[in-house]
Amino acid sequence: MVIKFVIVTFALASCCAAKLVEDGDETPSGSWFGFELLITHLESIEQKLTKLDYLEQKLAKLEITEKAIDILERKITKLDIVEQKLFNVEQIIMNQAKNVFQSCSEEPSKMSGKYRLQPDSNEQPFVGFCEQEKYDGGWLVIQHRFDGSVNFYRDWEDYKNGFGKIDGEFWIGLERLHKLTQNNPMTLMVEIEDYDGNYGYARYDEFEIGNEDEKYVLEQLSGYSGSLQDSMSDSQGFMFTTRDSDNSEIGSDNCAQQEQGAWWYMNCGYTNPNGPYHKKEEWKKIYWYGHRAGVELKFFRMMIK
């Protein structure tokens, strides 16, 4: 029993500690609370087992008397308590596991916020922001601009791995985006708003990008609908370009450097969601071609499901 407990304690503590390190600042606070509760229960069980070991040693030295029988009965009672504690720990772990969802659509509360997601059982869970209130919910936010607090003029590695804060301005990362879309093309939703409060959206029923060897090429983008002019379909078939990795294969100029952003650029000029965040009347900016002649945007968000 003692050996079994030590193995379980080590496995559970290692598992939970690994999750905390992996998630870093993006781990919901409830995960840490669950971990503390788990350790408390395990410490309590360990104390019980220490007392039981002592009783076992004492009982071995006694003859079978009424006192020995009484000790044995009390030992059985304490074993029952230990078993109940182990059951409680198991329930805690199961409840924590339930808080990892395959997608934003599977999250039951339907409240927008950060959640642990694991679309592929072979991949580690990650923390993503789920939009649950607009357009029937179930959307995973992959890019968000709204206040200029994060610099989006970055190198290839940053765009590959992602940057920013999940509940603030951020880019989810090309590698994760590839893994999310590689098996089943996702629906892409683009939302924009300018400084005058004019809102618009564009929806694409199929969205998929390639892997890093393919420079995260925009493999599929089709099924357009929405209130905006379609300013993104022309990027299909183009590779992703950053300031230090020009993959546009058009002309000698690096569009990311010209636009001070990063994108699947097609002639540098149809949309620039990762461009500089400016108040108004700047040439290098966030824009969506066709929306009021490409005026500056104060809000740009992309989501998939």
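Numbering starts at 1 and runs along the sequence shown. From a predicted model like this one, the values you see are computed outputs, not experimental measurements.
Side-chain N or O atoms of Thr241 include none that pairs as donor or acceptor with a backbone N or O of Tyr265 at under 3.5 Å. Within the 3.5 Å criterion, the main-chain N or O of Arg154 finds no donor-acceptor partner in the side chain of Tyr159. In this structure, the side chain of Asn272 engages the main chain of Lys285 through a donor-acceptor pair within 3.5 Å. Side-chain N or O atoms of Glu107 include one that pairs as donor or acceptor with a backbone N or O of Lys110 at under 3.5 Å. In terms of modelled atom types and a separation under 3.5 Å, the side chain of Glu169 and the main chain of Asp147 share a donor-acceptor contact. Checked by atom type and distance alone, the side chain of Asp230 pairs as donor or acceptor with a backbone atom of Met232 at under 3.5 Å. At distances below 3.5 Å, not a single donor-acceptor pair connects side-chain atoms of Asn211 with backbone N or O atoms of His178. Under the 3.5 Å distance criterion, the side-chain polar atoms of Thr181 are left unmatched by any main-chain donor or acceptor of Met186. One N or O on the side chain of Lys284 and one on the backbone of Gln258 form a donor-acceptor pair closer than 3.5 Å. Between the side chain of Trp288 and the backbone N or O of Tyr270, no donor-acceptor pair lies under 3.5 Å.
Pairs engaging residues 170-179 under the salt bridge (Lys or Arg N to Asp or Glu O under 4.0 Å) rule: Glu123-Lys179 [sequence neighbours left out]. Residue pairs satisfying the salt bridge (Lys or Arg N to Asp or Glu O under 4.0 Å) criterion with at least one member in residues 257-268, sequence neighbours excluded, are absent. Sorted by first then second residue, the disulfide (SG to SG under 2.5 Å) pairs that include residues 201-273, not counting sequence neighbours, are Cys255-Cys268.
The two residues Pro108 and Phe101 come nearest to each other via the heavy atoms CD-CE2, 3.4 Å. Considering every non-hydrogen atom in both Gln143 and Pro273, the closest pair reads NE2-O, 3.2 Å. In plain terms, the two heavy atoms of His278 and Pro276 that are nearest each other are NE2-CB, 3.2 Å. Shortest non-hydrogen contact noted between Met266 and Asp234 is CG-O, 3.5 Å. Nearest heavy-atom pair, Tyr289 versus Gln229, reported as atom, atom and distance to 0.1 Å: CD2-NE2, 4.0 Å. For the residue pair Ser227 and Gly200, the shortest heavy atom distance occurs at OG-CA, 3.3 Å.
Note on Phe146: it does not cluster hydrophobically with Ile166, by side-chain heavy-atom contacts below 4.5 Å among ILVMFWY residues. A single hydrophobic cluster is not seen to contain both Met239 and Ile209; linkage of ILVMFWY side chains at heavy-atom distances under 4.5 Å, directly or through other members, places them apart. Both Ile172 and Leu117 belong to a common hydrophobic cluster when Ile, Leu, Val, Met, Phe, Trp and Tyr are linked at side-chain heavy-atom distances under 4.5 angstrom. Using a 4.5 Å cut-off between side-chain heavy atoms of Ile, Leu, Val, Met, Phe, Trp and Tyr, with links allowed through other members, Val217 and Met302 fall into different hydrophobic clusters. In the hydrophobic cluster analysis, where Ile, Leu, Val, Met, Phe, Trp and Tyr join through side-chain heavy atoms closer than 4.5 angstrom, Val150 is grouped together with Leu174.
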Salt bridge (Lys or Arg N to Asp or Glu O under 4.0 Å) between Lys298 and Glu193: does it pass, once the steps are laid out? CA-CA 6 Å; Lys298 66 177 292 187; Glu193 184 178 336; 5.3 Å; no

List the steps, then state whether side-chain contact (heavy atoms from CB on, under 4.5 Å) holds for Trp264 with Leu221. CA-CA 12 Å; Trp264 295 279; Leu221 191 71; over 6 Å; no

Verdict with supporting geometry, Gln257 and Asp246, side chain to side chain donor-acceptor pair (under 3.5 Å): CA-CA 9 Å; Gln257 292 178 1; Asp246 184 2; over 6 Å; no

CA sep, side-chain torsions, deciding dist, call: Asp155, Arg243, side-chain contact (heavy atoms from CB on, under 4.5 Å): CA-CA 6 Å; Asp155 292 340; Arg243 64 184 182 181; 2.6 Å; yes

Chi angles and distances behind the side-chain contact (heavy atoms from CB on, under 4.5 Å) call for Leu140, Leu180: CA-CA 10 Å; Leu140 172 64; Leu180 288 168; 3.7 Å; yes

Given the rule in the side-chain contact (heavy atoms from CB on, under 4.5 Å) test, do Leu188 and Asp205 qualify, once you have shown the distances and angles that lead to the verdict? CA-CA 6 Å; Leu188 173 69; Asp205 291 336; over 6 Å; no

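A tilted orientation is assigned to the rings of Phe240 and Trp171, their planes being inclined by 30° to 60°.
Rounding to the nearest 0.5 angstrom, the gap separating the OG atom in Ser235 from the CG atom in Leu218 is 6.5 Å. Note that OG of Ser248 and CG of Asp253 are 8.5 Å apart. Values are rounded to the nearest 0.5 Å.
For the pair Val190/Phe300, a side-chain contact is recorded, criterion being any heavy-atom separation below 4.5 Å from C-beta on. Residues Glu214 and Glu219 have side chains in contact (heavy-atom distance under 4.5 Å, counting atoms from C-beta outward). Counting heavy atoms from C-beta on, the side chains of Pro119 and Phe126 come closer than 4.5 Å. Glu157 is not listed as a side-chain neighbour of Thr242, based on a closest heavy-atom distance of 4.5 Å or more.
For Tyr199, the side chain to side chain contact (heavy atoms under 4.5 Å, CB included) partners at least two apart in sequence or on another chain are Lys134, Tyr135, Glu191, Tyr201. Judged as a side chain to side chain contact (heavy atoms under 4.5 Å, CB included), and not counting sequence neighbours, the contacts of Val141 are Phe129, Glu131, His144, Phe170, Arg301, Met303. Not counting sequence neighbours, Phe238 has no partner by the ring pair (Phe, Tyr, Trp, His ring centres under 6.0 Å) test. Checked against ring pair (Phe, Tyr, Trp, His ring centres under 6.0 Å), Phe152 has the following partners two or more places apart in sequence or in another chain: Phe163. Under the rule for a ring pair (Phe, Tyr, Trp, His ring centres under 6.0 Å), the partners of Tyr216 that lie at least two apart in sequence or sit in another chain are Trp156. Contacts of Asp244 classified as salt bridge (charged side-chain N to carboxylate O under 4.0 Å, His left out), with partners at least two apart in sequence or in another chain: none. Partners of Gln220 under the side chain to side chain donor-acceptor pair (under 3.5 Å) rule, at least two apart in sequence or in another chain, are Glu208. Judged as a side chain to side chain donor-acceptor pair (under 3.5 Å), and not counting sequence neighbours, the contacts of Asp194 are Asn198, His291, Arg292. With sequence neighbours excluded, no residue satisfies ring pair (Phe, Tyr, Trp, His ring centres under 6.0 Å) with Phe207.
Both tests do not hold together for Arg145 against Tyr277: distance to the six-membered ring centre under 6.0 Å, angle to the ring axis within 45°.
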